[in-house]
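Being a predicted model, the structure only gives us computed values, none of them experimental. Letters A, B, ... are given to chains in the order of the sequence lines, protein chains preceding strands, and every chain is numbered from 1.
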There are 2 protein chains.
Amino acid sequence: MHQPGLRERKKQRTRLALIDAGLELFLAQGYEATTIDQIAAAADVSPRTFFRYFATKEDLALHYVFENEMRILAELATRPSDELPFASLKHAFRKSLKAVEDATPEDTQRMLRTRRLLDATPSLVGRASSRTYAMERRMAEEIARRQGVELTCDIRPMMIVALLSTTLRVAFECQHRELTNAKDLVAVSESAMVFLERSLVPGWDDLTRPS
Amino acid sequence: MHQPGLRERKKQRTRLALIDAGLELFLAQGYEATTIDQIAAAADVSPRTFFRYFATKEDLALHYVFENEMRILAELATRPSDELPFASLKHAFRKSLKAVEDATPEDTQRMLRTRRLLDATPSLVGRASSRTYAMERRMAEEIARRQGVELTCDIRPMMIVALLSTTLRVAFECQHRELTNAKDLVAVSESAMVFLERSLVPGWDDLTRPS
DNA sequence: TTGCCATGTGGCAGAGACTGCCATAAGTTA
DNA sequence: TAACTTATGGCAGTCTCTGCCACATGGCAA
């Protein structure tokens, strides 16, 4: 793998400048009240260029949410295929939580800002779900493949993924304190996951048994 | 209660005309490809009037989804307050499913069309979630009140509501056949609910016990 | 019936998100 | 340096959605 050229580094800088400018403005004056023109001006690019980096305003706001979801999907692929679905998902989610903890201070700040933004703008949480559901489907496909069932005939892979995913969403929403570090955020997610696990009958996710 | 006047009946007719025109066009040429102007023209009102009935294009498309959710919330309020949360919710959801079955043929058609639309336009399912989450919060408030816990301190009411709500969403999405009557739609929802219930430890939703 | 008030409707101008198109600028490679 | 590829900016245009005002219609009381 070769070192990214000047062009690539420049693009990365522009992308981060846009994200930082966007989150800053969203938190300062509200998501709706912030226009693309303002973000572009703050990041020192033309409005037209904004759309070369992010298809929509939402995409900028939710960038770190989507990045995290892609990480979960990638982690899922590394799990042994004889593992039970729930365990695989749990490990994949935990790995992504660990990535949040291990991020650079700048990235941690961006994530915490994203969380504050979602807190202040509940409608954004819903809008994120469009993509989240698509990601859930891909995870369910992976689960179905491993367990040797057909996703179109069996509702259970989708159910397993959706239940865990929903748990994390609820945990994410229910952070009532002003978080200043990533550890607290992770802690609530962990406790929600524990509640879910304790509520479930052992072996509920074993799809090789008859339903 | 007095008979609604001419004015009210006229409004109701216009609302239904807009919904019918909208669903028709969405299914025929796609959700994105359909403009407000087209819908307004088909319903024989001005584009400006469209927005007096629906705040957004989504609101028209998802009208029946929201109506159903409001019904669930209303049903929840009628349940005895000493009932366990999950049982209350289950009954409320069942009652709303029954309302779907008992609807007039016209309304049943509109619901089935809405479902086909959501099938063809997955992004709409996500967009509906903004509102659904708000409704979930209200249900969780009701549950928390009955169980005597604080919603801001205890994640469990939200979890209980979210798990059941997610189950129904998944069931709704996983209707792979072209449905022609409401009964089939209800049947899949029922089976998903059964899967959820079998997966859960009895008493998991009893919040009076210590967590 | 007449007149008044409340309310629904249409038209218009405008902001803001987003796209297609084309010219220009910058980076990459030979 | 020249040729190629890719990023950027500007512009015109579409579509969603809003505020404002004039007008029409339904409801109601004298």
Side-chain angles (χ1 to χ4, degrees), chain A residues 1-19 21-23 25-26 28-63 66 117 121 123-124 126-128 130-131, chain B residues 1-19 21-23 25-26 28-63 66 117 121 123-124 126-128 130-131:
Chain A
M1 61 199 295
H2 63 97
Q3 167 95 342
L6 171 60
R7 184 172 249 161
E8 208 53 44
R9 275 176 287 143
K10 215 168 178 179
K11 264 171 56 174
Q12 191 56 25
R13 239 184 302 139
T14 303
R15 169 169 284 111
L16 287 178
L18 282 168
I19 291 175
L23 291 177
L25 286 165
F26 293 157
Q29 58 184 30
Y31 175 75
E32 298 293 349
T34 303
T35 67
I36 306 278
D37 285 21
Q38 291 175 334
I39 300 171
D44 209 39
V45 295
S46 77
R48 188 66 190 83
T49 296
F50 175 96
F51 290 106
R52 295 233 162 72
Y53 284 87
F54 301 98
T56 66
K57 205 164 86 169
E58 279 168 40
D59 277 16
L60 179 136
L62 301 169
H63 181 258
F66 300 148
L117 174 61
T121 320
S123 64
L124 267 179
R127 312 225 148 216
S130 298
R131 286 239 200 151
Chain B
M1 61 196 293
H2 64 99
Q3 167 95 342
L6 171 58
R7 187 171 246 162
E8 207 54 43
R9 273 177 287 144
K10 215 170 178 180
K11 264 171 55 174
Q12 192 55 25
R13 239 184 302 139
T14 304
R15 167 168 285 110
L16 286 177
L18 281 168
I19 292 175
L23 291 177
L25 286 165
F26 293 155
Q29 58 185 30
Y31 175 75
E32 298 292 350
T34 303
T35 67
I36 306 278
D37 285 21
Q38 291 174 336
I39 301 170
D44 209 37
V45 294
S46 77
R48 187 66 189 85
T49 295
F50 175 96
F51 289 106
R52 296 229 162 74
Y53 284 86
F54 301 97
T56 66
K57 206 164 87 170
E58 280 167 41
D59 277 19
L60 180 137
L62 301 168
H63 181 258
F66 300 147
L117 173 61
T121 319
S123 65
L124 268 179
R127 312 228 146 216
S130 298
R131 286 240 201 154

Can you tell me how far NE2 of H63(A) sits from CZ of R15(A), rounded to the nearest 0.5 angstrom? 5.5 Å
Taking dC18(C), dC21(C), dT18(D) as options, the one with an atom nearest any side-chain atom of R52(A) is dC21(C)
Hey, could you give me the CG/CZ distance between D59(B) and F50(B), rounded to the nearest 0.5 Å? 8.0 Å
Expressed as a whole number of angstroms, how long is the span from E58(B):CD to dT16(D):P? 12 Å
Find the distance L6(A):CG to dT28(C):P and express it as a whole number of Å. 5 Å
Whole angstroms only, please: what is the CZ-C1' distance between R48(B) and dC20(D)? 9 Å
Here's a test of your reading of the structure: between K10(B) and T35(B), which maps to the more 5' nucleotide of DNA chain D? T35(B)
Both E8(A) and A55(A) contact DNA chain C. Which one's nearest nucleotide lies toward the 5' end? A55(A)
Specify the separation, in whole Å, of atom CG of L18(B) and atom C1' of dG10(C). 14 Å
Between dT8(D), dG10(C), dA17(C), which nucleotide has the shortest distance from any of its atoms to the side chain of T49(B)? dG10(C)
Among dT18(D), dC15(D), dT19(C), find the nucleotide with the atom closest to the side chain of F51(B). dT18(D)
Provide, to the nearest angstrom, the distance between the CD atom belonging to Q12(B) and the C1' atom belonging to dG26(D). 17 Å
Whole-Å distance, I36(B) CD1 to dC17(D) P, equals 5 Å
Comparing K11(B) with P47(B), nearest DNA chain C nucleotide closer to 5' gives the residue K11(B)
Report yes or no: is the cationic atom of R131(A) (NZ for Lys, CZ for Arg) under 6.0 Å from the centre of the six-membered ring of F66(A), at an angle within 45° of the ring normal? yes
Nucleotide of dA26(C), dC17(D), dT9(C) approaching R7(A) most closely (side-chain heavy atoms): dA26(C)
For V45(B), does its backbone N or O pair with a side-chain atom of T49(B) as donor and acceptor, under 3.5 Å? no
Of the listed nucleotides (dT8(D), dG11(C), dT16(D)), which one gets closest to any side-chain atom of T14(A)? dT8(D)
If you look at every heavy atom in I39(B) and L60(B), which pair is closest and at what distance? CG2-CD1, 4.5 Å
Rounded to the nearest Å, what distance is computed from the CG atom of residue D44(A) to the C1' atom of nucleotide dA7(D)? 15 Å
Return the value, rounded to whole Å, for the distance between atom CD of E32(B) and atom P of dT19(C). 10 Å
Report the nucleotide, chosen from dG9(D), dT28(C), dG10(C), that has the shortest atom-to-atom distance to any side-chain atom of V45(A). dG9(D)
Among dG11(C), dT6(D), dC18(C), which nucleotide has an atom closest to any side-chain atom of T56(A)? dC18(C)
Quick one: is dG8(C) close enough that its OP1 or OP2 comes under 4.0 Å of any side-chain N or O from Y53(B)? no
